[in-house]
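Values in this document were obtained by computation on a predicted structure and should not be read as measured data.
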Amino acid sequence: MKKTKSSDDFATARSSYGPLTIALVISAGISSGSTFMGMPGLAYSIGTPSLWYPLLYPVATVFGMLFVAKAIKQYGDKFGTRTIPEFIGDRYNSEFLRIVLTIISVLLIFYVVSQFVAAATMFQTMMGIKYEVGLLITGVVLAIYVFMGGSHSDILTDAVQGALMLLTACVVVVCFFFGVGVDGGFSEMIQLIKERKPEGSFEHLFLPGDITYGSFWLVLLLFIAHLPFSVLPHLGNKFMAVKSTKDMKKLLMYCTIFATVLPLMGLGGMLGIAVVDPSENIVPDQIIPVLFTEIFPPFVAAFFAVAVLSAVMSTSDGLIVSLTQLLANDLYRKTIVPRINISPEKAEKNELLISRYSTIIVIIAGILFAWSPPKFLSIFMWIGIGGIVSATAGPLVVGALWKKATKTGAILSMLAGTITYWFIYLPFGLDFKNPFGAAGLGVLVGIVVMVLHTLLASTSTVTENQEKNLYLSDGSK
């Protein structure tokens with residue numbers, strides 16, 4: 001709170017931290033409650049084919065980060081942008097783009113809900129606390145420290161939480177390769193998995209008929225969908241918190257290492273198949289806390305439960321800050337303030353107040369939506385993420401790489417990606433109940449539209465210039 005003296009401090013903590021700290025924060029933000037509970041839950045439920053998810057998504061995310069991180073940092077430092085919708089709006093000088101992307105970014109509430117569900121499930125499984133009470137505890141803790149310090153609170157807590165998460169992921173990997181909790185070790189674990197989940201044993205890379213892991217092409221769409229993942233509002237704004245543009249190479253190197261290790265939590269779900277008796281009929285997303293109680297003494301299990309809660313909190317706080325900035329920055333500062341007669345000092349004060357008090361609104365909304373939990377967290381949170389990445393992939397990824405990208409192309413790309421995603425996913429469209437696949441196709445369409453329009457616009461400009469040169473070479477005026 002002492003570091004948060006302005007609305008920009010609350011929104012970005014601009015140029016305040018080193019690359020190692022921000023790498024821990026970004027990696028922890030990428031690896032949410034879904035990574036620490038949802039992905040192991042999928043592995044426990046369907047077996048080996050689900051491991052494509054934790055193996056591929058960090059690679060795609062870091063690969064996408066290579067294209068946009070430096071551009072976002074440089075532009076943010078130069079022009080003071082605070083959010084991804086603001087960055088895209090300024091990049092193309094389009095208020096329409098900024099406002100529409102602000103509205104689309106509200107879909108982050110799906111992501112918030114999945115984190116709240118993961119936290120409440122941990123409280124319920126590990127401590128016997130009622131699910132609803134766990135939700136309230138989560139909301140109160142987040143409300144206190146995000147309200148006080150905004151992005152600084154987010155970054156300082158997430159760096160510590162990220163370190164705990166790395167330790168826990170490494171422990172889970174070691175437990176898997178030594179078959180901890182299984183008499184006979186690793187070889188017996190593999191045999192038990194084959195007996196209890198024959199269709200999901202390590203002999204099967206795909207699950208025929210499954211809408212997410214049924215074939216190579218579906219898995220490829222999962223990879224494509226994650227290419228713009230690092231520019232989600234709660235992750236993209238972290239690039240602005242790095243002290244210097246010179247630190248970006250170190251940041252990307254650290255992120256590559258950390259983001260690759262953390263999703264290996266999925267192996268805990270495979271170990272759970274062998275350790276946890278199928279007759280217990282547990283909810284798949286509970287497999288990690290149940291596994292911890294099975295193979296560790298209570299004190300150690302409790303410590304690792306804290307690390308799983310860290311995964312939830314480290315994503316939740318960043319999401320909450322990002323959602324508050326949709327109101328405080330993108331709507332109030334950038335849209336309303338220029339249209340009203342108000343002093344800069346008063347506008348700054350109002351923006352900081354909106355940032356802080358909208359924290360409470362976002363958390364209440366998250367608790368209400370999380371009251372009835374979805375079956376699979378990893379699938380549920382991607383309903384919202386898919387809509388965001390489909391809209392932003394073309395304008396942001398292509399725009400960061402290609403200076404000739406135009407405002408018209410960005411608008412067409414955003415609309416094409418968005419319409420494609422929702423038409424494929426929703427019941428009144430193709431009703432394709434795979435948000436990864438729908439998002440992958442939305443991202444592809446958005447990027448293709450952006451590239452084609454930029455090429456056509458460039459060709460048109462060249463042709464016009466050639467005609468002018470011919471006209472002038474005749475001696476005419």
Side-chain angles (χ1 to χ4, degrees), residues 28-29 31-42 44 106-150 153-154 157-158 161 164-165 168 232-234 265 282-293 301-324 326-327 356-385:
S31 304
S32 61
S34 170
T35 301
F36 270 59
M37 293 182 69
M39 290 181 195
L42 284 170
Y44 179 72
V106 174
L107 291 169
L108 283 176
I109 196 66
F110 280 92
Y111 209 160
V112 173
V113 170
S114 71
Q115 305 314 301
F116 278 29
V117 171
T121 301
M122 280 299 299
F123 281 119
Q124 183 182 36
T125 306
M126 297 295 295
M127 305 178 195
I129 294 174
K130 286 186 177 180
Y131 173 83
E132 294 78 7
V133 176
L135 274 180
L136 295 175
I137 293 172
T138 304
V140 169
V141 172
L142 284 167
I144 291 171
Y145 77 84
V146 174
F147 180 93
M148 290 167 62
S153 291
D154 172 16
T157 54
D158 286 7
Q161 291 163 347
L164 279 174
M165 291 160 63
T168 304
L232 288 173
H234 71 295
M265 284 292 298
I282 66 167
V283 175
D285 286 336
Q286 293 180 341
I287 185 57
I288 285 297
V290 170
L291 181 67
F292 286 164
T293 58
F303 174 81
F304 289 128
V306 171
V308 177
L309 281 171
S310 292
V312 176
M313 295 295 189
S314 63
T315 302
S316 299
D317 50 21
L319 289 166
I320 291 165
V321 170
S322 294
L323 283 165
T324 66
L326 299 179
L327 296 173
R356 284 202 161 116
Y357 285 97
S358 57
T359 298
I360 311 300
I361 297 172
V362 171
I363 288 174
I364 291 173
I367 290 173
L368 291 176
F369 284 123
W371 209 256
S372 298
K375 184 178 180 182
F376 290 113
L377 296 182
S378 298
I379 304 297
F380 180 78
M381 77 174 193
W382 256 90
I383 297 172
I385 294 173

**Prompt:** Heavy-atom distance under 4.5 Å between the side chains of Met313 and Val141, does that happen here?
**Reply:** yes
**Message:** Do Tyr44 and Leu291 make a side-chain contact, defined as non-hydrogen atoms from C-beta onward lying under 4.5 Å apart?
**Reply:** no
**Asked** If we only count heavy atoms from C-beta on, is the Thr315 to Tyr111 side-chain gap below 4.5 Å?
**Response** yes
**Asked** How far apart are the closest heavy atoms of Thr35 and Met265, and which atoms are they?
**Response** O-CB, 3.7 Å
**Prompt:** Do the side chains of Glu132 and Leu136 get nearer than 4.5 Å, heavy atoms only?
**Reply:** no
**Within 6.0 angstrom of Tyr145 OH, more than 12 heavy atoms from elsewhere** = yes
**Request:** Using atom types as modelled and distance alone, determine if a side-chain donor or acceptor of Ser322 lies under 3.5 Å from a backbone N or O of Pro233.
**Result:** yes
**Message:** A side-chain contact here means heavy atoms from C-beta on lying under 4.5 Å apart; do Phe123 and Thr138 qualify?
**Reply:** yes
**Item:** Student check: side-chain heavy atoms of Phe116 and Val113 closer than 4.5 Å
**Value:** no
**Non-hydrogen atoms of Leu319 and Leu108 that approach each other most closely** = CD2-CD2, 3.7 Å
**Request:** Show your working on side-chain contact (heavy atoms from CB on, under 4.5 Å) between Thr121 and Gln286 and close with a plain yes or no.
**Result:** CA-CA 7 Å; Thr121 301; Gln286 293 180 341; 3.6 Å; yes
**Prompt:** Which atom pair, heavy atoms only, marks the closest approach of Met165 to Ala311?
**Reply:** SD-CA, 3.5 Å
**Message:** Within the structure provided, determine whether Ile320 and Asp317 are in side-chain contact (heavy-atom separation under 4.5 Å).
**Reply:** no
**Message:** As an exercise, state the distance from CG of Leu135 to NZ of Lys130, rounded to the nearest 0.5 Å.
**Reply:** 13.5 Å
**Fill in**
Of all heavy-atom pairs linking Ser314 and Asp158, the shortest is O-OD2, 2.7 Å
**Aromatic contact, Tyr357 with Phe147 (centres under 6.0 Å)** = yes
**Prompt:** Which pair of heavy atoms, one from Ser316 and one from Leu142, lies closest together, and at what distance?
**Reply:** CB-CD1, 3.7 Å
**Message:** Within this structure, what is the CD1-CZ distance for the pair Ile287 and Phe292, rounded to the nearest 0.5 Å?
**Reply:** 10.5 Å
**Item:** Leu164 CG to Ser310 OG distance, which is reported to the nearest 0.5 Å
**Value:** 4.5 Å
